[in-house]
Amino acid sequence: MNCQQAKPLIDPYADGELEASAVLELEQHLQSCPECALSLRNVQNLKKALKQDALYFTAPAELRKRIQSELPSSAKNAPQRSGWTWNWNWLTTATSGAFAICLVLLVTVIALRPSAEQTLA
């Protein structure tokens, strides 16, 4: 593996999203290539920095209340149920039953049909 092949694999490798076969090849390359190893360390350092609490901001209570008041309530958005509700289980059962009956009839017709030898005799 060369650097051109390794560079696009560094981010997925750091995220644990790389396939096992590619992981082995990339790790071998990283041991022999200081430039790509540095790229991996940079990505790992960036991930650590982004996880720090200093980057998270908690909205003030007033802002939270104002945003929540602007959002539609869940009761208003609930879909209205009509008086006519379908239960599709009966349709599946009926279709399966009809198919089974048709299959039995087909097999019966084929089994009872006289063979060519019986027709000639």
Side-chain angles (χ1 to χ4, degrees):
M1 176 176 288
N2 60 33
C3 292
Q4 187 177 6
Q5 295 167 326
K7 294 259 185 211
L9 301 177
I10 291 175
D11 285 330
Y13 175 77
D15 292 337
E17 298 173 349
L18 203 56
E19 296 177 3
S21 60
V23 166
L24 294 175
E25 288 183 55
L26 182 62
E27 285 177 347
Q28 289 174 351
H29 177 76
L30 291 171
Q31 289 175 355
S32 63
C33 179
E35 184 180 331
C36 289
L38 176 63
S39 294
L40 175 62
R41 281 193 303 275
N42 288 339
V43 169
Q44 291 171 333
N45 290 336
L46 178 62
K47 287 179 66 151
K48 286 178 189 175
L50 291 175
K51 288 182 181 180
Q52 291 178 356
D53 290 336
L55 295 176
Y56 290 101
F57 174 74
T58 304
E62 289 182 29
L63 177 60
R64 285 178 181 254
K65 287 179 186 177
R66 191 169 43 143
I67 291 172
Q68 287 177 345
S69 70
E70 294 292 324
L71 294 174
S73 69
S74 59
K76 292 178 187 175
N77 287 342
Q80 297 294 323
R81 295 187 127 207
S82 64
W84 183 266
T85 57
W86 282 92
N87 183 353
W88 291 99
N89 291 335
W90 70 268
L91 183 59
T92 305
T93 305
T95 304
S96 299
F99 179 73
I101 290 171
C102 290
L103 187 62
V104 168
L105 289 174
L106 179 65
V107 169
T108 305
V109 167
I110 291 173
L112 296 178
R113 190 168 76 187
S115 67
E117 294 173 358
Q118 291 174 343
T119 309
L120 295 176

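Numbering starts at 1 and runs along the sequence shown. Remember, it's a predicted structure, so these values are computed and weren't measured experimentally. Reckoned from all heavy atoms, side chains included, excluding hydrogens, waters and symmetry mates.
A pairwise comparison of heavy atoms in His29 and Ala6 identifies CD2-CB, 3.4 Å as the closest pair. The nearest pair of heavy atoms linking Leu40 to Ile10 is CA-CG2, 3.7 Å.
For residues 95-112, no residue pair satisfies the side-chain hydrogen bond (donor to acceptor under 3.5 Å, both in side chains) rule, not counting sequence neighbours. The salt bridge (charged side-chain N to carboxylate O under 4.0 Å, His left out) pairs that include a residue from residues 56-68 number zero, where partners must be two or more places apart or lie in different chains. Annotation: salt bridge (charged side-chain N to carboxylate O under 4.0 Å, His left out) contacts involving residues 103-112, sequence neighbours excluded, are absent. Contacts classified as salt bridge (charged side-chain N to carboxylate O under 4.0 Å, His left out) and involving residues 20-30 (residues at least two apart or in different chains) are not found.
When the salt bridge (Lys or Arg N to Asp or Glu O under 4.0 Å) test is applied to Glu35, the partners found at least two apart in sequence or on another chain are Lys7. Residues satisfying the side chain to side chain donor-acceptor pair (under 3.5 Å) test with Asn2, not counting sequence neighbours, are none.
Two residues are said to be in side-chain contact when any heavy atoms from C-beta on lie closer than 4.5 Å; Pro12 and Glu19 fail this criterion. Contact check for Lys47 versus Leu50: no side-chain heavy atoms found under the 4.5 Å cut-off.
Taken together through direct or relayed side-chain contacts under 4.5 Å among Ile, Leu, Val, Met, Phe, Trp and Tyr, Leu9 and Leu24 form parts of separate hydrophobic clusters. The hydrophobic clustering, which links ILVMFWY residues whose side-chain heavy atoms are closer than 4.5 Å, places Leu26 and Val23 together.
Counting heavy-atom neighbours within 6.0 Å of Glu17 CD, excluding the residue itself, gives a total above 12.
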